[in-house]
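What follows is a short report on a single structure.
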2 protein chains.
Amino acid sequence: MASPQTGSLVLTGTVQADARAPGGHELHVNQLEVFHLVQEEFPIQSKEHGTGFLMEHRHLWIRSPRQQAILRIRHEIIRACRTFFDDRGFLLVDTPIFTPNACEGTTTLFETDYFGEKAYLTQSGQLYNEATAAAFGKVYCFGPTFRAEKSKTRRHLMEFWMVEPEVAFAELADVMTLAEEFLTSIVAHVLKRRREELKVLDRDMKKLEAIVPPFPRITYAEAVERLQKKGNPIQPGDDFGGDEETILSNEFDRPAIIHRYPTALKAFYMQNDPENPDLALCMDVLAPEGYGEIIGGGQRIHERDKLLTRLKAHRLPEDAFRWYLDLRTFGSVPHAGFGMGIERAVAWICGLEHVRETIPFPRMLYKIYP
Amino acid sequence: MASPQTGSLVLTGTVQADARAPGGHELHVNQLEVFHLVQEEFPIQSKEHGTGFLMEHRHLWIRSPRQQAILRIRHEIIRACRTFFDDRGFLLVDTPIFTPNACEGTTTLFETDYFGEKAYLTQSGQLYNEATAAAFGKVYCFGPTFRAEKSKTRRHLMEFWMVEPEVAFAELADVMTLAEEFLTSIVAHVLKRRREELKVLDRDMKKLEAIVPPFPRITYAEAVERLQKKGNPIQPGDDFGGDEETILSNEFDRPAIIHRYPTALKAFYMQNDPENPDLALCMDVLAPEGYGEIIGGGQRIHERDKLLTRLKAHRLPEDAFRWYLDLRTFGSVPHAGFGMGIERAVAWICGLEHVRETIPFPRMLYKIYP
């Protein structure tokens, strides 16, 4: 028999406090029962492995201390999100995964055959959140979302989890404050409960302790100026890409709220600024330390006529949005919300280079095993 | 202007306790601001509407008191599930929605193109849960699952949420007890926090107060005998359908745990009973009052050779299960778990006739709007 590298066994004995022990306790063993003596060498050794190899062995890689620390922090972040909204009287209202119409083009949507009809996997619960916020006032949804983008960056996964609150009677300023309180609460929660795991990751906790209000709030126009001063070639009206986000997100020691992007860059449902209709009442929140966008949101159009005009301008099918227009026909109110991508938040809080380690079984470009 | 049926407005005033008021309080209004006076008749009137009509107007139907009560109880049930596992040291480990291989035939799977490969939407997180339980000991996953069954019964949805715990070193008896404690805890939680909503639904609370341990535990063989005594034509070896579940579930005043079904009726990974290898160490939990199966689970095969034999007998591709076999190669231990369908649990606890009202936007056969 080869000498076993690993195994599974049951130890019975007495646990005693011992300051010299790494965990503070020693187990004095009386009995040992072997369940399984391993005959083969464990594929993951202490030597360096390439990411490709580790991803092929993700089911075993999650047994290592670093991956365990990340997944424990992930759970804590998810719990902190839910607790934040539950404690504030938000109702969890799950939005559907299968959606009937492709709101904004099908190029980044996963499609399936739904008994002869085409259905698409959701990219966001927002439109449905607007219906439930109109019914319940304050709601959130929390589930997997899907983007079929051919992106291979450190910030992209094909399947990722999003938490999205939506609030009736709220305006842009309200959700900026909500996002600020939300992120502050999550970081505080992790610092309180997962200090050991942050140590395993060598996370600089001072940087997390700095995450307190007020967060800087800068307009899109100010952000463009800041980028240009750093030598970035961006022009007013251009959207931010990964590079721009990284630069901006390195400027501050806490999340930065960038608001009032040009309407032309944003989705059809975005409310515009009464003081300058070319600007949308929207925001992105960029995590510090170069992590970039983790939250996107804003105020939605609540006037039926304005929405109808916008649908036409975007050449969207009115019939598919019949129910969405109904929300503006029967007791419409201003409302706003946002979405946070869990994996990006985990990457930032854990201080990781890539989102692929933030989810148990990452789904990436051409990568779906195990 | 037509006389408005509904609208949205902001009332400002003083709230005063008043025993004569339905909610126990009166609002003395000082100011009234109208946001939106509705010009059209609200589609849902107090008269009876057909389910088809209501489902087409689901985005407005959720504004009615009964639907609101159901969705509030749904949130409470979900919260109770998470609290139960979190408090017991289970780690939430999200399992993937996209899965690469069709474990047990593709007839009930939704398929999508994953960058040139076929991917399927998950029917259960169990196999992945086994990997994470081997890493963390006690885990649960909680997310949407999908079945493309052409079923149009009161118990089926195409898209539904499942919570699935998995425990290393656990055997069938352990997860029977876990399921019993779990259901007891959920019902107690709802009774404590959502009494008002249960009243709106005219739910008989006595029936819920009876949900306390011990739950009856009967073998498959005993269940068949009971069915035959009721005149049901079932023969030993037959699976239970909706009718059989309804009969059995009406026999008891609390959930009944049916265990040890014939191995031939169950999935390839089910451990068999050492005392009778033709029986699987599995269980279904049937909710009372005719609601039928809400939980299914059991003990999994942890021996590599046995699993390999079973894969071959089921003509399953060994290569696709390479990672799953690895779990039996490197430190395998007995383990067990179960899954509970949220919508069926909500239907039972709320006392509803059909699962379609238990989820904000139900996805049913040929039914994907709104």
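Letters A, B, ... mirror the listed sequences (proteins, then strands); counts begin at 1.
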Quiz item: Less than 4.5 Å apart, any side-chain heavy atom of A/Ile97 and any of B/Ile97?
Solution: no
If you count heavy-atom pairs within less than 4.5 Å of chain B, which of [options] leads?
{"options": "A/Arg79, A/Arg328, A/Lys150", "value": "A/Arg79"}
{"options": "A/Ala119, A/Ala148, A/Pro362", "value": "A/Ala148"}
{"options": "A/Ile62, A/Asp326, A/Asp86", "value": "A/Asp86"}
{"options": "A/Arg82, A/Glu76, A/Glu56, A/Arg58", "value": "A/Arg82"}
{"options": "A/Pro360, A/Ala131, A/Ala134, A/Gly143", "value": "A/Pro360"}
{"options": "A/Phe146, A/Trp161, A/Phe136", "value": "A/Phe136"}

Quiz prompt | Step-by-step side-chain contact (heavy atoms from CB on, under 4.5 Å) determination, A/Thr132 to B/Phe361 | solution = CA-CA 10 Å; A/Thr132 63; B/Phe361 296 95; 3.9 Å; yes
Quiz item: Which heavy atom of A/Pro370 sits nearest a heavy atom of B/Tyr128, and at what distance?
Solution: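 Smallest interatomic distance, heavy atoms only, reads C-OH, 3.3 Å.
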Exercise. Kindly give the heavy-atom pair with the smallest separation between A/Phe330 and B/Glu41, and that separation in Å.
Key: CE2-O, 3.4 Å
[X] [atom1] to [Y] [atom2] distance, which is reported to the nearest 0.5 Å:
{"X": "A/Thr329", "Y": "B/Glu40", "atom1": "OG1", "atom2": "CD", "answer": "5.5 Å"}
{"X": "B/Ser8", "Y": "A/His302", "atom1": "OG", "atom2": "NE2", "answer": "8.0 Å"}
{"X": "B/Phe35", "Y": "A/Glu303", "atom1": "CZ", "atom2": "CD", "answer": "10.5 Å"}
{"X": "A/Ile77", "Y": "B/Leu92", "atom1": "CD1", "atom2": "CG", "answer": "12.0 Å"}
{"X": "B/Arg363", "Y": "A/Phe98", "atom1": "CZ", "atom2": "CZ", "answer": "9.0 Å"}
{"X": "A/Tyr324", "Y": "B/His59", "atom1": "OH", "atom2": "NE2", "answer": "12.5 Å"}

With [X] via ring pair (Phe, Tyr, Trp, His ring centres under 6.0 Å) - residues at least two apart:
{"X": "A/His57", "result": "A/Phe53"}
{"X": "B/Phe85", "result": "B/Phe90, B/Tyr140, B/Phe182"}
{"X": "B/Phe142", "result": "none"}

So what's closer than 4.5 Å to chain A heavy atoms on [X]: side chain, backbone, both or neither?
{"X": "B/Arg72", "answer": "both"}
{"X": "B/Ala168", "answer": "neither"}
{"X": "B/Asp113", "answer": "backbone"}

Quiz item: Are there more than 12 heavy atoms of other residues, nucleotides or ligands under 6.0 Å from atom CD of B/Glu318?
Solution: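 No, because the 6.0 Å sphere around CD of B/Glu318 holds 12 heavy atoms or fewer from other groups.
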Self-check item: Residue A/Lys118 excluded, over 12 heavy atoms near NZ under 6.0 Å
Solution: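 Counting neighbours around NZ of A/Lys118, 12 or fewer heavy atoms of other residues, nucleotides or ligands fall under 6.0 Å, so no.
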Exercise. Determine, step by step, whether B/Arg304 and A/His36 satisfy the side-chain contact (heavy atoms from CB on, under 4.5 Å) criterion, reporting the C-alpha distance in whole Å, the side-chain angles of both residues, the deciding distance to 0.1 Å, and the verdict.
Key: CA-CA 11 Å; B/Arg304 185 186 165 94; A/His36 185 212; over 6 Å; no
Quiz item: For the candidates B/Asp94, B/Thr95, B/Val93, B/Thr112, which exhibits the highest count of non-hydrogen atom pairs separated by less than 4.5 Å from chain A?
Solution: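 Greatest number of close heavy-atom pairs with chain A: B/Asp94.
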Exercise. Taking A/Glu159 for its side chain and B/Pro96 for its backbone only, find out whether a donor-acceptor pair lies under 3.5 Å.
Key: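 Checked: no pair found.
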Quiz item: In residues 63-70 of chain B, which residues are in contact with chain A at a heavy-atom separation under 4.5 Å?
Solution: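 When heavy atoms of chain A are the reference, residues 63-70 of chain B contributes B/Arg63, B/Gln68 within the under-4.5 Å range.
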Quiz item: Mind checking whether A/Phe110 and B/Tyr114 have ring centres under 6.0 Å apart?
Solution: yes
Quiz item: Between A/Leu121 and B/Leu121, is a side-chain contact (heavy atoms from CB on, under 4.5 Å) present by the stated rule, with each step listed?
Solution: CA-CA 10 Å; A/Leu121 303 188; B/Leu121 302 189; 3.9 Å; yes
Quiz prompt | Engaged part of A/Leu60 at the chain B interface, taking heavy atoms whose separation is under 4.5 Å | solution = side chain
